[in-house]
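Below is one structure; the comments refer to it alone.
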Amino acid sequence: MNPSSEHPFSQGLRTERVGEPCAMVIFGASGDLSHRKLLPALYNLSLSGVLPANFAVVGFAKDEFSQESYRTEMKKAVAEHSRRKPLDEEVWGDFAAGLDYVSGSFEDLASFQKLKAALERADQERGTRGNRLFYCAVPPSVMPLILKQLSAAGLVQNRGKGKPWSRIILEKPFGHDTESARELNACVHEVFAESQVYRIDHYLGKETVQNLMVFRFGNSIFEPIWNRQFVDHVQITAAEDIGVERRGAYYEEAGILRDMVQNHLMQLLSLTAMESPVAMDADAVRDEKVKVLRAIRPVLREEVQQYTVRGQYARGAYHGKAAAAYREEERVAKDSRMATFAALKLYVDNWRWEGVPFYLRTGKRLPKRVTEISVHFQRLPHALFGAMQGEAARNVLAIRIQPDEGISMRFNSKVPGEGMRVRTVNMDFRYGQAFGAEPPEAYERLLLDSMIGDATLFTRADEVDTAWRLVTEILEGWKEWPSDPSFYEAGSWGPQAAEDLIGADGRHWRRL
Ligand code: NDP
Ligand code: BG6
């Protein structure tokens, strides 16, 4: 593109950061995540010119691919899922030259010896200098086995500054509950030091999520009112229109609390509520996030009916077409009680937030895909322009995480003309308009960070543990809840119980 025709603000989007030479191993290379997210992200990094020149990928899974057939399969996946289309044949060609595949089972040490040979080949042919980035795109139950085999095959090294390094990226959910997450952490730490560990939560890679920190701590006007004196309550919604798709077996084990609340929603809450970190480095930021998680008042198992709602989608409509109930999905039990929707009322017990409720809701098969954080300010102390009802009564700051990424502020304005009629209006900031470009995919940012060695946007062991303690207590309470979850029609905003949860406090969910 001719630089003079570039949108003036898009220059700031170019990054000077380039990953260090390395070979990346993807465990679970034949899975959904590899097809839809990981390979497209790597290709896009290559297209942006930030992938190191000395780079290789070795896919590892049970499926019998040859090097050639794996390249063909991934080319198809990238062409379909890349955010930038059509596929650039030249860039793909360069990238694919460093793409290899090892077929094997995690149970079999000999497969890891094959992997070792493939990595040594990459060092010679691609100049990856012995640096290794292991990516576990697999369910948490098989991670301990991978760790054990990596160690047994002598594939992990950390010889200090300037020497070849090994890092490991672990997908979410990290464990199944507090206990299993602790066990997994113990397995991880037997093989890797914490500084080598990158627990991924892809929400942290989203531009709009990172912007939360810039918005709060890079401006002077918001922090003074970001507290219990001015804020009435906060709402966090992560709605999806899709159902469980082909992930029924996974979902039957996970459900909404493990899949979305323990990780993504807790991250959004902690970034909204945290204090300013002393520096923008990995530990300072994560210290503050952990403090918020520790301050969240636990919902005890006997309190779940008071503070939480569990829902499951029943038959309904999805974009005008009939949609099946969760219990009718592939690989889902006909009498499953697994929740596909959750609403929670939480309190952060500290000086800043005492008494301010944080309402969280998330679910599958809701009317649309939208993630938003809204901060609802207190009512006017005095009704100078007549009593304002409902929406008009409060200023609301809405941070749209996705889609239509942006921030809007709702306030009241005089209607032009005679008299003093007042109406609610919005002041809007939109990323697309302001920067003239779509933000990169979360996985691009996170993969690049891990190649550079920056763990700021990854979760630390104590953070994961604290989030699990909160969620595990609710999971236990839900297990003891004798009735079915509240059913909601596919394509609706969830069960009536979710309206009642917030309605009982004289508030209502924001219309999205
Ligand atoms: P899939 O089931 O699609 O893929 C799992 C992969 O792991 C497959 O390649 C599978 O190979 C491989 N695998 C599992 N067990 C073994 C074994 N014993 N030996 C060798 N290979 C094995 O899952 P996803 O890709 O959807 O998810 C992977 C992880 O990523 C999960 O933890 C999930 O929570 C997380 N995640 C997924 C997201 C998504 O959108 N898909 C989003 C965010 C996180 P095979 O098929 O040959 O068994
Ligand atoms: C994943 C969950 O972590 O996040 C999925 O496993 C969910 O169930 C997805 O669909 C949502 O991510 P995004 O980026 O589309 O909001």
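All heavy atoms count here, side chains included; hydrogens, waters and symmetry mates do not. Counting convention: from 1, in listed order, for ligands and their atoms alike. The chain is numbered in sequence order, starting from 1. This is a predicted model, so every value here is computed, not measured.
Judged by the 6.0 Å and 45° rule, Arg365 forms a cation-pi pair with Tyr318.
Less than 4.0 angstrom separates some heavy atom of Gly31 from each of these atoms of ligand 1: 3 (O), 4 (O), 8 (C), 9 (O), 25 (O). Counting atoms of ligand 1 from 1 in the listed order, those under 4.0 Å from a heavy atom of Leu33 are 24 (P), 25 (O), 30 (O), 37 (C), 38 (C), 39 (C), 41 (N), 42 (C). Close approach of ligand 1 to Asp63 is summarised as follows: ligand atoms under 4.0 Å from at least one heavy atom of the residue are 45 (P), 46 (O), 47 (O). Close approach of ligand 1 to Tyr250 is summarised as follows: ligand atoms under 4.0 Å from at least one heavy atom of the residue are 34 (O). For ligand 1, the atoms closer than 4.0 angstrom to any heavy atom of Arg36 are 39 (C), 40 (O), 41 (N). Every atom of ligand 1 is numbered from 1 in the order shown, and the set under 4.0 Å from a heavy atom of Tyr443 is 43 (C).
Of all the listed residues (Glu240, Gln402, Lys206), Lys206 holds the heavy atom that lies closest to atom 14 (O) of ligand 2. Heavy-atom proximity to atom 36 (N) of ligand 1, evaluated over His35, Glu171, His264, is greatest for Glu171. Taking each of Leu145, Val138, Asp259 in turn, the one with a heavy atom nearest to atom 32 (O) of ligand 1 proves to be Val138.
Distance remark: protein heavy atom present below 4.0 angstrom from atom 18 (N) of ligand 1.
The ring of Phe112 has its center closer than 6.0 angstrom to the ring center of Phe60.
Residue contacts with ligand 2: Tyr251 is excluded, as none of its non-hydrogen atoms falls under 4.0 Å.
Looking at ligand 2, you won't find any N or O of Thr371 less than 3.5 Å from one of its N or O atoms.
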